[in-house]
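Shown next, in structure tokens, is the structure this report addresses.
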Amino acid sequence: MKEFRSSKALHDWCSKIRADGSSIGFVPTMGALHEGHLSLIRQSSGSCDITVCSIFVNPTQFNDPADYEKYPVTIEDDLRMLKETGCCDAVLIPRVEDIYPDGLEYDLDVELGYLGECMEALHRPGHFEGVMQVVRRLLEIAIPDILFLGRKDHQQFLVISRMIEHCGLEVKPVECEIVREEDGLAMSSRNRRLSPELRQTAVLLHLALDEIVRLGSREDPHHLTITYTHRLNEHPDINVEYLEIVDSESLLPVSDWNLCKSAMVCIAAQVGDIRLIDNSTIY
Ligand code: AMP
């Protein structure tokens with residue numbers, strides 16, 4: 001596995017690979033890697049000749065500076081895990097100045113419509129602007145054929161897909177299934193900040209989503225979200241930011257099951273002082 005600290009060096013390497021006619025799959029991450037990340041690497045390696053991963057904690061997507069400061073950084077472990085997959089060909093670990101040589105200012109004007117007004121966009125102002133900015137830049141550097149993203153961040157997948165269309169980039173975004181711990185908790189870099197007690201509590205988010213999926217279209221969607229938000233909030237260490245049943249494409253809230261082709265339930269909650277998100281497909 002090749003390690004690049006400079007985006008120019010990676011870009012030159014990727015340009016040669018493309019010129020030779022090989023395909024590139026790209027997996028952007030913020031590090032503190034877990035099986036969820038590695039599943040994207042494996043899927044890339046199964047579909048593309050060369051797999052490139054990036055590890056970059058992007059400052060522009062953190063609306064809360066304290067969250068940025070506390071974001072786990074475990075580069076040595078990450079490199080070991082990537083090597084152990086045996087299928088990651090190159091990793092980029094850039095510095096902030098390397099990614100943003102002209103400063104941190106957001107300079108895209110992608111029309112997100114409702115995607116930019118609901119759920120994560122509403123609760124983390126500026127977050128998706130930072131995500132679009134960094135992914136756009138990373139795509140310029142790695143020039144991949146396919147971009148592999150996780151469904152855990154489904155809204156992010158839709159936002160990045162919109163950005164790719166807006167910018168006319170020739171890369172195909174692919175959404176990969178959520179990888180979970182044995183008890184169902186969605187894997188996340190932030191899980192490692194949970195104390196043993198909060199780790200027990202965190203699984204309640206998944207259990208609530210699971211019950212909602214099981215009850216599914218037999219119940220009124222609005223009633224379901226109100227009931228489960230209230231139940232989760234009764235726990236002293238849980239504070240639900242949103243719990244919504246939405247159309248998987250538009251993310252508009254589902255009010256009538258019959259009018260929605262594909263529905264999912266999405267949640268964001270503070271567990272102690274750790275913010276977690278998850279979602280589950282209803283149909
Ligand atoms: P992050 O490092 O959190 O920015 O995530 C990098 C990529 O990994 C994103 O496309 C995420 O959606 C994806 N990802 C994170 N957690 C999981 C998971 N549990 N299962 C599948 N993909 C994930």
Side-chain angles (χ1 to χ4, degrees), residues 25-47 51-64 67-68 70-75 77-79 81-82 85 88 91-94 99 115 119-120 124 127-139 142 144 146-164 171-194 199 202-203 205-206 209-210 248 264 266-268 271 274-281:
F26 179 52
V27 179
T29 81
M30 296 206 296
L33 299 183
H34 49 69
E35 270 302 315
H37 297 115
L38 301 185
S39 76
L40 304 187
I41 302 275
R42 292 191 190 100
Q43 287 187 58
S44 168
S45 165
S47 327
T51 290
V52 177
C53 168
S54 64
I55 298 176
F56 179 62
V57 186
N58 172 36
T60 67
Q61 73 186 68
F62 285 84
N63 53 314
D64 173 4
D67 191 24
Y68 176 58
K70 281 189 259 170
Y71 201 84
V73 176
T74 59
I75 293 291
D77 286 348
D78 293 350
L79 290 175
M81 288 168 78
L82 287 175
T85 64
C88 182
V91 57
L92 172 67
I93 310 167
I99 293 295
L115 286 185
M119 300 198 294
E120 289 301 288
R124 301 185 70 185
H127 170 64
F128 284 133
E129 283 74 14
V131 168
M132 289 190 284
Q133 184 186 21
V134 75
V135 174
R136 165 98 167 96
R137 176 86 177 103
L138 290 168
L139 291 174
I146 308 186
L147 171 66
F148 292 87
L149 301 165
R151 187 167 172 87
K152 184 163 94 69
D153 301 276
H154 178 65
Q155 188 174 4
Q156 169 172 283
F157 172 78
L158 295 175
V159 165
I160 290 174
S161 301
R162 188 73 62 87
M163 180 276 288
I164 287 172
V171 56
K172 182 178 166 216
V174 166
E175 191 174 41
C176 307
E177 275 314 308
I178 301 177
V179 178
R180 299 180 177 280
E181 301 287 352
E182 250 174 48
D183 63 357
L185 176 67
M187 288 195 182
S188 163
S189 304
R190 290 189 162 91
N191 291 353
R192 60 180 82 206
R193 292 186 46 225
L194 295 165
R199 171 65 186 78
V203 76
L205 308 187
H206 162 71
L209 298 191
D210 228 26
S248 308
M264 65 195 296
C266 301
I267 188 168
V271 177
I274 321 274
R275 186 177 191 277
L276 300 178
I277 64 170
D278 196 358
N279 66 70
S280 212
T281 302

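Atoms within a ligand are numbered from 1 in the order they appear, just like the ligands themselves. Everything quoted here is computed from the prediction, not taken from an experiment.
Per-residue contacts place I178 under 4.0 angstrom from the following atoms of ligand 1 (heavy atoms of the residue considered): 20 (N), 21 (C). Residue contact check: M187 has heavy atoms under 4.0 Å from atoms 16 (N), 17 (C), 18 (C), 19 (N) of ligand 1. Atoms of ligand 1 lying under 4.0 Å from at least one heavy atom of L40, given by number and element, are 7 (C), 8 (O), 10 (O), 13 (C). Close approach of ligand 1 to L149 is summarised as follows: ligand atoms under 4.0 Å from at least one heavy atom of the residue are 10 (O). Interface of T29 with ligand 1, defined as ligand atoms under 4.0 Å from a residue heavy atom, comprises 2 (O), 6 (C).
Between C176 and ligand 1, no N or O atom pair is found at a separation short of 3.5 Å.
Residue contact annotation: R180 has no non-hydrogen atom under 4.0 Å from ligand 1. Residue contact check for ligand 1: R151 places no non-hydrogen atom closer than 4.0 Å to it. At least one heavy atom of P28 lies less than 4.0 angstrom from ligand 1.
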Self-check item: H154 vs E175, side chain to side chain donor-acceptor pair (under 3.5 Å): CA-CA, chis, key distance, verdict
Solution: CA-CA 8 Å; H154 178 65; E175 191 174 41; 2.6 Å; yes
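Among protein heavy atoms, atom 22 (N) of ligand 1 sits closest to G150 CA, 3.6 Å. Nearest protein neighbour of atom 20 (N) of ligand 1, counting heavy atoms only, is V179 N, 2.9 Å. Residue, atom and distance of the protein heavy atom nearest to atom 11 (C) of ligand 1 are D153 OD2, 3.1 Å. With hydrogens left out, the protein atom closest to atom 21 (C) of ligand 1 is E177 O, 3.4 Å, a heavy atom. Annotation: atom 4 (O) of ligand 1 to nearest protein heavy atom, M30 CG, 3.6 Å.
Ring pair F62/Y71: centre-to-centre distance below 6.0 Å.
In this structure T60 satisfies the side chain to side chain donor-acceptor pair (under 3.5 Å) test together with N58, Y100, Q133, sequence neighbours excluded. Annotation: side-chain contact (heavy atoms from CB on, under 4.5 Å) contacts of T29 (sequence neighbours excluded): V27, L33, H37, C53, I55.
Ionic pairing of E129 and R124 is not present here: no N-O contact between side-chain nitrogen and carboxylate oxygen is shorter than 4.0 angstrom.
When the heavy-atom distances from atom 5 (O) of ligand 1 to E181, Q156, H34, H37 are ranked, the shortest goes to H37.
With E181 as the partner, the side chain to side chain contact (heavy atoms under 4.5 Å, CB included) test is satisfied by one option alone out of R199, H206, E35: R199. Considering Q43, R151, K152, R42 as possible partners of C176, the one that fulfils the side chain to side chain contact (heavy atoms under 4.5 Å, CB included) test is Q43.
For the pair S161 (side chain) and F157 (backbone), a donor-acceptor distance under 3.5 Å is present. Counting only distance, with no hydrogens or angles, the side chain of D183 and the backbone of L185 share a donor-acceptor pair below 3.5 Å.
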